[in-house]
Amino acid sequence: MKSILFALSLITSLSIFAQKEDSLQIRKLFDAALVQGHAYDNLRSLCKDVGARLSGSPEAEKAVEWAKELLESYQFDTVWLMPVKVPHWVRGDIEKAGVNGVSMSIKTLGGSVSSNGKIEAEVIEVHNFDELAELGEKLIKGKIVFFNRGFDKRLISTGDAYGGCVNQRWGGASEAAKLGAVGVFVRSLSHKKDNHAHTGSMGYEEGVTKIPSVALSVEDAEMLSDVLKKMPKSIAYLNVNSQTFPDKNSYNVIAEITGSVNPDKIITFGGHLDSWDVGEGAHDDGAGVVHSIEALRVIETTGYQPRYTLRCVLFMNEENGNNGGKTYAAVAKEKGEIHIAALESDAGGFVPRGFTMDGTPEQLKKMQSWESLLEPYKLHIFKAGWGGVDIKPLKGQNIPLIGLRPDDQRYFDHHHSDTDVFENVHQRELELGAASFAAMIYLIDKYGLGGDLKPLKKE
Ligand SMILES: [Zn+2]
């Protein structure tokens, strides 16, 4: 009996000791990111020295060089480039639209074809694909279709509101073209009523005529809707000259600290290096890029020796193809790598609230067991949910996919628009995000997340 009690008290004091050690290490990570952090200056440099960096553009190439040089300057164990083929779409120098002679603020959607000169046609407003189908070919043929379904204000998560609208942007052109439409206007995917249109990717269904598709600013979408209420047969015009070129070669940029106990087992984490070609890609996803670099840096500067290999991956081409994420997973499978977990920061540089996980219930429980260690940093979301676009291709074979969750109320104010610039990122919020990311990586490195993790295999 005595020896059982002794054993129990030993276990308790060992776990108290471990808790204390973890608290101290997490404190060190936050101090390093908050007191002498590099995230904010790195973001400034990415935004101002490189700028917007759509896949295939000279700026995206510059971003690869920028990231490689920066990672090399930190003297991590390895830095290398992973080749990725990327699409090459270029916005034209003409982007004009208007109604009844009044011009509107637009952005051509990524992937859209040119209008091949000015299109003039009657414009007809709809809110969803059912409404469009009900109107039918007779009413749609020869017209410009205006998709005007806005964010649902009742939804607390702006990501949910975005998810409820994004099919208009992605598939609106083909749905309208099936009924003979000649062009598409889509209300920008944002709560914010201003005059900046928000771009984003769109696609064409095979075998359907490709018609041009552009986003209208929220202000102009509301203006157009008012005009149509008063004058239902209003004539709109649209003139854009975007182009698609052959695919180009680009890269994922990768840096590692080699694991001291299990060098062959990997914790991968990152954000995406490419951005849309407007603004500076500051929140999307410059923040995720500098969060990831900073996480690796502060883990190293605090003197922590990771057990597993920590791999920071700056993915190319999340925005219009996800070829960086797909290539990364394909290479990991080819090599039969073992991944302990994959984490992504691609939800902006706002104040961090916690983490969501796409994993097993046991893995989620394990992550939730660390809540008390992270609660002092005001991290309180530890629940099942989205990991990230770039890490999604790793799904399967029990790899937990984890997304950093910053506050999302202002994210879509700037998303894919001219206002996604450095000045709209708050230094302290950005730094807290980097530290939170580092803390989660540390805890996963120390305790793992469980799951029967085997070498990845090709399907
Ligand atoms: Zn993004």
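Counting begins at 1 with the first residue of the sequence. First listed ligand is number 1; within each ligand, the first listed atom is number 1.
- Residues forming a salt bridge (Lys or Arg N to Asp or Glu O under 4.0 Å) with Glu429 (at least two apart in sequence, or on another chain): Arg410.
- For Asp284, the N, O or S atom closest to the Zn ion (ligand 1) goes by the atom name OD1.
- Counting only residues at least two apart or on different chains, no salt bridge (Lys or Arg N to Asp or Glu O under 4.0 Å) pair has a member in residues 369-394.
- Distance check for Glu319 against the Zn ion (ligand 1): none of its N/O/S atoms falls below 2.8 Å.
- Test Asn323, Asn317, Asn249 against Lys85 for side chain to side chain donor-acceptor pair (under 3.5 Å) and you get one pass: Asn249.
- The side-chain contact (heavy atoms from CB on, under 4.5 Å) with Lys28 is formed by just one residue from the set Ile299, Val298, Thr302; it is Thr302.
- One finds an angle of 90° at the Zn ion (ligand 1) between NE2 on His272 and OD1 on Asp346, to the nearest 10 degrees.
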